[in-house]
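Working notes, beginning with the structure itself.
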Amino acid sequence: FANDNTELKMSPGNQKLNLVHVIDVCNAFLIAYELNMNKDSKVHQIYSIKGNESFKLKEVISIFEKVTNKKINILWGGKEYRKREVMNLWDKGIKLPKWEISINLEEGLSRYNND
């Protein structure tokens, strides 16, 4: 964190993110494993998991600051987007059956703050 008043130069911060807590990711792997073990065929399927909400990078930082009560000194737009910057979310794959997100962004950040 920029506690010494140093500004962190960042892009304008409009990249879209869909963050999933590591516990939910692990649960998804377990469900996918169980699905694969119950199939007779060896046909592979592309599944996806995602949170209920997507956020811009700027919004994630704002939520982090609110939840942790810590200020990050960021100069938004201090850097250009990288040439191959990913701005939009991957929207392929079928939602993993029997999987639901259990930890939203605010709760996940609160857990981070308490560790």
Side-chain angles (χ1 to χ4, degrees):
F1 305 118
N3 291 333
D4 62 357
N5 292 327
T6 304
E7 276 188 326
L8 301 172
K9 291 182 181 180
M10 299 286 286
S11 71
N14 293 314
Q15 304 92 320
K16 291 183 183 174
L17 303 170
N18 188 289
L19 302 170
V20 177
H21 195 276
V22 66
I23 290 173
D24 285 329
V25 172
C26 291
N27 287 337
F29 274 110
L30 291 172
I31 291 169
Y33 173 78
E34 290 171 3
L35 282 172
N36 191 47
M37 293 304 293
N38 292 331
K39 289 189 175 194
D40 292 331
S41 72
K42 296 298 178 192
V43 175
H44 296 282
Q45 180 64 51
I46 297 173
Y47 293 111
S48 68
I49 62 169
K50 64 181 182 176
N52 297 330
E53 293 183 77
S54 298
F55 301 92
K56 292 180 179 180
L57 177 59
K58 285 174 113 171
E59 294 170 321
V60 172
I61 297 301
S62 178
I63 293 167
F64 177 87
E65 289 176 331
K66 181 181 120 193
V67 168
T68 63
N69 201 28
K70 296 177 182 174
K71 177 70 176 144
I72 302 176
N73 194 9
I74 295 177
L75 175 60
W76 294 108
K79 288 184 177 180
E80 296 290 323
Y81 289 117
R82 295 173 293 183
K83 192 178 242 185
R84 295 179 54 139
E85 192 83 40
V86 177
M87 299 298 291
N88 294 306
L89 301 170
W90 182 76
D91 62 354
K92 309 292 186 255
I94 299 168
K95 182 180 179 278
L96 182 64
K98 301 179 183 178
W99 180 86
E100 293 293 329
I101 192 164
S102 64
I103 301 171
N104 67 25
L105 180 60
E106 283 194 29
E107 183 182 346
L109 291 173
S110 293
R111 289 180 181 199
Y112 165 81
N113 194 39
N114 291 330
D115 290 342

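Residue numbers run from 1 in the order of the sequence given.
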Q. More than 12 foreign heavy atoms under 6.0 Å from CD1 of I46: is that the case here?
A. no
(Q) Any non-hydrogen side-chain atom of I61 less than 4.5 Å from a side-chain atom of W76? (A) yes
Q. CG of N18 to CD1 of I49: how many Å apart, nearest 0.5 Å?
A. 9.0 Å
Q) Taking the side chain as C-beta and beyond, is there a heavy-atom pair between V67 and L105 under 4.5 Å? A) no
Q) When clusters are formed by joining ILVMFWY residues with side-chain heavy atoms under 4.5 Å apart, either directly or through shared neighbours, do L17 and L8 land in the same one? A) yes
Q: Decide if atom NZ of K56 counts as having more than 12 heavy atoms of other residues, nucleotides or ligands within a radius under 6.0 Å.
A: no
Q. So how far is it from K70 NZ to L109 CG, rounded to the nearest 0.5 Å?
A. 11.0 Å
(Q) Can you confirm whether E85 is buried at CD, in the sense that more than 12 heavy atoms of other residues, nucleotides or ligands lie under 6.0 Å from that atom? (A) yes
Q) E106 versus I63: any side-chain heavy-atom pair under 4.5 Å? A) yes
Q: Give a yes or no on this: more than 12 heavy atoms of other residues, nucleotides or ligands lie within 6.0 Å of atom OH of Y81.
A: yes
Q) If you measure from the Lys or Arg side-chain nitrogens to the Asp or Glu carboxylate oxygens, is any gap between K95 and E100 under 4.0 Å? A) yes
Q. Quick one: NE2 on H21 to CZ on R111, what's the gap to the nearest 0.5 Å?
A. 5.5 Å
Q: For residues L57 and M10, determine if any side-chain heavy atom of one lies less than 4.5 Å from a side-chain heavy atom of the other.
A: yes
